[in-house]
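Have a look at the structure below before the remarks.
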Amino acid sequence: MNKKHQVLKEVVYGQLFQYKSGIAIAMTCSIGYVLMTLLVPWPMKFIFDYVLLGNIKDVDFYFSDNQYIVLIVLSLSVIFIALMRGLFSYYQSCFAAKLGSKIVFNLRCVLFSHFQSLPLSFHQNSQTGEILTKLTTDTAALKDIFSDSLIMIFTQVLLITGMFIVMFIVNWKLSIIILLTFPIIITVLYVMYSRLRKTVREQRRQEGKVAARTNEVLSAIPLVQAYAREDYESERFNKVNKLTMEQGINAARLEALTTRTAEIVTAFGTALVILVGSLYALDGSMSPGDVLVFVSYVRNIYKPIRSIAKLTTKFSHGMVSIERISEILETEPGIVDSDHAINAPKFYGELKFSSVSFQYDSSNNKALKNISFTIFPGQKVALVGPSGAGKSTIAKLILRLIEPHSGSVSIDNLDIKTFTRDSLREQIAVVLQNPVLFNTSIADNIGYGRLNASKEQIKSAARQANADSFISTFPDGYKTQVGERGSKLSGGQQQRISLARALIKEPAILLMDEATSALDAISERAIHKAIEKMQRNKTILMITHNMHLVEKFDHILVIEKGEVVEQGKHNQLMNLRGCYYDLYMAQQ
Ligand code: ADP
């Protein structure tokens with residue numbers, strides 16, 4: 001990880017530090033495992049050199065000099081070493097897995113809350129499928145790096161070092177010959193690793209695309225079916241899918257090639273040791289048992305390198321994941337609370353825009369140009385104007401999803417910048433054009449607006465939203481499951497539930513952004529009736545295209561090209577014979 005991945009580094013290092021005792025245990029187990037592995041060929045060496053070749057008198061086996069007893073003890077030691085080795089390896093794996101899982105758990109928590117804090121522009125520009133991949137696959141790949149791979153590499157490096165130390169003590173000349181084969185294998189692996197990494201990165205990008213495509217099509221399935229575009233979508237999906245497959249095959253081929261190459265180099269090394277070691281044994285500078293130890297070590301010394309070769313794939317996955325996760329973590333959260341932000345007091349609901357201008361980053365024109373208006377507590381205000389006039393931008397500014405480039409938005413004469421976002425949004429409720437419902441019961445969906453709401457509060461909100469009447473007709477009443485995104489309810493019913501969800505908050509300000517424009521006339525009227533009968537304890541700001549419904553509003557703001565061009569009551573505006581008049585007449 002380079003300097004670029006600072007945020008991720010902090011997260012991961014923080015975690016490694018937090019679990020330092022677990023890491024220490026895993027490493028102690030690794031050391032035990034390495035020591036046992038180093039001991040593996042030694043019973044065989046002693047049996048070979050001193051029992052089989054009859055040189056038992058050359059060495060002092062403290063426990064006995066009877067060759068049968070020595071043979072039995074040495075044979076039993078093979079079992080003992082295997083047992084101990086297994087035990088160390090088991091605990092090492094357990095601790096590594098635990099550490100990895102905890103890292104994934106925490107990283108997912110960090111990522112999930114970070115995703116939620118990112119600006120809307122980020123979410124509008126990214127695809128849900130990609131985000132899902134980042135949250136699931138990429139964090140899992142990181143687990144491989146920080147638990148399995150790191151501890152495995154630590155063990156393998158320790159093993160290689162230990163073997164070399166022992167081999168140097170037994171015969172340094174042969175050890176140097178083995179050492180000379182190392183640069184070859186490392187160079188080969190390095191080249192392979194670089195190629196593999198590139199391919200894997202491409203493969204992951206493609207996988208993200210497959211997920212994104214699937215998600216997009218599945219979420220638009222009614223449209224796809226209505227237009228009979230299944231074949232067309234399948235074809236588009238297959239194109240992305242095919243590319244992923246090709247990249248997958250490529251990656252698998254390269255991975256296999258890397259491993260096989262390492263095996264062939266191993267065979268060369270082993271052959272070399274057998275040849276040179278046997279020559280030394282023939283001239284008496286090594287015992288046959290020493291050659292056995294060497295052969296066993298050499299076969300095992302290449303193994304760690306081969307394991308590291310295999311790990312390169314995991315590492316490639318992991319490195320790519322690090323880049324992708326870092327990219328997210330380094331995206332700045334949208335709007336953050338200022339250091340001196342205070343909790344908003346209870347609002348009366350006076351809303352004031354003072355010379356507010358705003359321009360979207362990706363746009364060349366100002367969405368709002370120096371607009372000013374005041375809405376008084378308890379007023380029902382309509383915001384009308386052609387599409388693209390800037391009405392939704394006004395709503396976003398009130399919620400502080402975006403901030404004015406100049407001017408200020410204030411509630412009860414306090415700039416909303418001075419409040420924490422949570423305390424501001426707690427007192428403002430929003431109903432959007434497309435109601436967003438979760439796949440749970442009606443009661444849970446309404447209760448989302450006020451966690452821990454009582455049944456009575458839920459019912460009362462539903463009554464205010466004119467929703468109680470239809471909910472009561474369902475066999476399961478408030479426990480009725482609404483289906484994915486509310487699919488088991490009609491558009492009008494969904495919208496009344498989302499209005500109930502807004503009302504249960506008892507907000508000081510209620511924003512409705514085209515909340516009724518997608519509804520049939522009856523549902524639309526039901527919602528407007530609900531708004532008309534609402535008490536005057538909340539300011540209501542409604543963005544709408546339906547000019548007939550705004551007649552009864554206390555105040556109407558007409559927005560055009562980012563400016564307030566007219567404002568007043570219906571009759572006043574009609575008399576002006578201006579923009580409002582044209583909009584109204586166009587609907588006659
Ligand atoms: P309205 O709600 O009146 O239809 P909006 O407030 O949504 O209008 O948009 C005002 C202007 O800002 C439009 O020209 C629109 O194209 C532009 N706009 C809205 N949202 C974005 C965005 N996320 N990025 C860039 N331009 C945007």
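Nothing fancy with the numbering, it's 1 onward along the sequence. All of these numbers come straight from a predicted model, not from anything done at the bench. All values below were derived from every heavy atom in this structure, side-chain atoms included, with hydrogens, water molecules and symmetry-related copies excluded.
- Annotation for I151 and A96: closest pair CD1-CB, 3.8 Å, computed over non-hydrogen atoms.
- Qualifying side chain to side chain contact (heavy atoms under 4.5 Å, CB included) partners for E506, counting only residues two or more places apart in sequence or in other chains: R450.
- Inter-residue side-chain proximity for L99 and I23 is flagged as met; some heavy-atom pair is nearer than 4.5 Å.
- Taking the side chain to side chain contact (heavy atoms under 4.5 Å, CB included) definition, one finds that Y232 meets it with R229, R236, sequence neighbours left out.
- Going from atom CG of L254 over to atom CD1 of I249 covers 12.5 Å, rounded to the nearest 0.5 Å.
- Between P43 and V78, the closest heavy-atom pair is CB-CG2, 3.9 Å.
- In this structure, the side chains of I178 and M167 come closer than 4.5 Å at one or more pairs of heavy atoms.
- Checked by atom type, the side-chain pair T199/N250 shows no donor-acceptor distance below 3.5 Å.
- The shortest distance between side-chain heavy atoms of V224 and V217 falls below 4.5 Å.
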Handout entry: Test log, rule side-chain contact (heavy atoms from CB on, under 4.5 Å), inputs V431 and L511
Key = CA-CA 6 Å; V431 186; L511 295 178; over 6 Å; no
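- Separating the CG atom in L397 from the CD1 atom in I402 is a distance of 4.0 Å, to the nearest 0.5 Å.
- Remark: K209 NZ to N241 CG distance equals 13.0 Å, nearest 0.5 Å.
- Under the 4.5 Å side-chain criterion, counting only non-hydrogen atoms from C-beta, L292 is not in contact with P41.
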Would you be so kind as to tabulate the donor-acceptor pairs closer than 3.5 Å made by side chains of residues 30-39, with sequence neighbours excluded?
| residue | atom | partner | partner atom | Å |
| --- | --- | --- | --- | --- |
| S30 | OG | A26 | O | 3.1 |
| S30 | OG | Q92 | NE2 | 3.0 |
| S30 | OG | T155 | OG1 | 3.2 |
| Y33 | OH | R85 | NH2 | 3.4 |
| T37 | OG1 | Y33 | O | 2.7 |
| T37 | OG1 | R85 | NE | 3.0 |

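- The shortest side-chain heavy-atom distance between S175 and F294 falls under the 4.5 Å cut-off.
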Exercise for the section: Start with the C-alpha gap between Q203 and Q206, add the side-chain angles, then the distance that decides, and say whether side-chain contact (heavy atoms from CB on, under 4.5 Å) holds. Expected result: CA-CA 5 Å; Q203 188 200 356; Q206 284 298 337; 5.7 Å; no
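- Q495 places no side-chain N or O within 3.5 Å of a backbone atom of L499 that could act as its donor or acceptor partner.
- Taking K242 as the reference, M245, E246 meet the side chain to side chain contact (heavy atoms under 4.5 Å, CB included) condition, with sequence neighbours excluded.
- With sequence neighbours left out, Y448 forms a ring pair (Phe, Tyr, Trp, His ring centres under 6.0 Å) with F438.
- Checked options E235, E233, E207; the residue passing with R213 is E233 (criterion: salt bridge (charged side-chain N to carboxylate O under 4.0 Å, His left out)).
- Nearest heavy-atom pair across Q427 and P345 is NE2-O, 2.9 Å.
- Judged by distance alone, with hydrogens and angles left aside, the side-chain atoms of N171 form a donor-acceptor pair with the main-chain N or O of L174 at under 3.5 Å.
- Inter-residue side-chain proximity for I497 and L437 is flagged as met; some heavy-atom pair is nearer than 4.5 Å.
- Remark: R108 pairs with no residue by the salt bridge (charged side-chain N to carboxylate O under 4.0 Å, His left out) rule, at least two apart or across chains.
- Other residues, nucleotides and ligands place more than 12 heavy atoms under 6.0 Å from the CZ atom of F168.
- Residues R501 and N445 share a closest heavy-atom pair of CD-O, 3.2 Å.
- The heavy-atom pair separating I504 from A453 by the smallest distance is CD1-CB, 3.7 Å.
- A side-chain donor-acceptor contact under 3.5 Å links R425 to the backbone of R400.
- Here the CD1 atom belonging to I411 is positioned 3.5 Å from the CD1 atom belonging to I509, to the nearest 0.5 angstrom.
- Shown here are the side chain to side chain contact (heavy atoms under 4.5 Å, CB included) partners of R205, two or more places apart in sequence or in another chain: R201, E202.
- Partners of F88 according to the ring pair (Phe, Tyr, Trp, His ring centres under 6.0 Å) rule, which considers only residues two or more places apart in sequence or in another chain, do not exist here.
- Across S441 and V482, no two heavy atoms sit closer than the pair C-CG1, 4.4 Å.
- Listed by chain and number, the residues in a ring pair (Phe, Tyr, Trp, His ring centres under 6.0 Å) with F358 are Y360, H405 (sequence neighbours excluded).
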Exercise for the section: For V157 and T161, run side-chain contact (heavy atoms from CB on, under 4.5 Å): C-alpha distance rounded to whole Å, both residues' side-chain angles, the deciding distance at 0.1 Å, then the answer. Expected result: CA-CA 6 Å; V157 169; T161 319; 4.2 Å; yes
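- The main-chain N or O of V240 is found under 3.5 Å from a side-chain atom of T244 such that the two form a donor-acceptor pair.
- Looking only at distances, a side-chain donor or acceptor of K505 sits under 3.5 Å from a matching main-chain atom of I428.
- Between V409 and P404, some side-chain heavy-atom pair lies under the 4.5 Å cut-off.
- Atom OH of Y91 has 12 or fewer heavy atoms from other residues, nucleotides or ligands within 6.0 Å.
- The salt bridge (Lys or Arg N to Asp or Glu O under 4.0 Å) contacts involving residues 20-45 comprise K45-D49, K45-D290, where partners must be two or more places apart or lie in separate chains.
- Here the straight-line distance linking atom CG of L399 with atom CG of L424 works out to 7.0 Å at 0.5 Å rounding.
- Qualifying side chain to side chain donor-acceptor pair (under 3.5 Å) partners for S454, counting only residues two or more places apart in sequence or in other chains: Q457.
- Put simply, CG on D513 and NZ on K396 are 8.5 Å apart, with the number rounded to the nearest 0.5 Å.
- W42 is listed as a side-chain neighbour of V166, based on a closest heavy-atom distance under 4.5 Å.
- Listed by chain and number, the residues in a ring pair (Phe, Tyr, Trp, His ring centres under 6.0 Å) with Y90 amount to none (sequence neighbours excluded).
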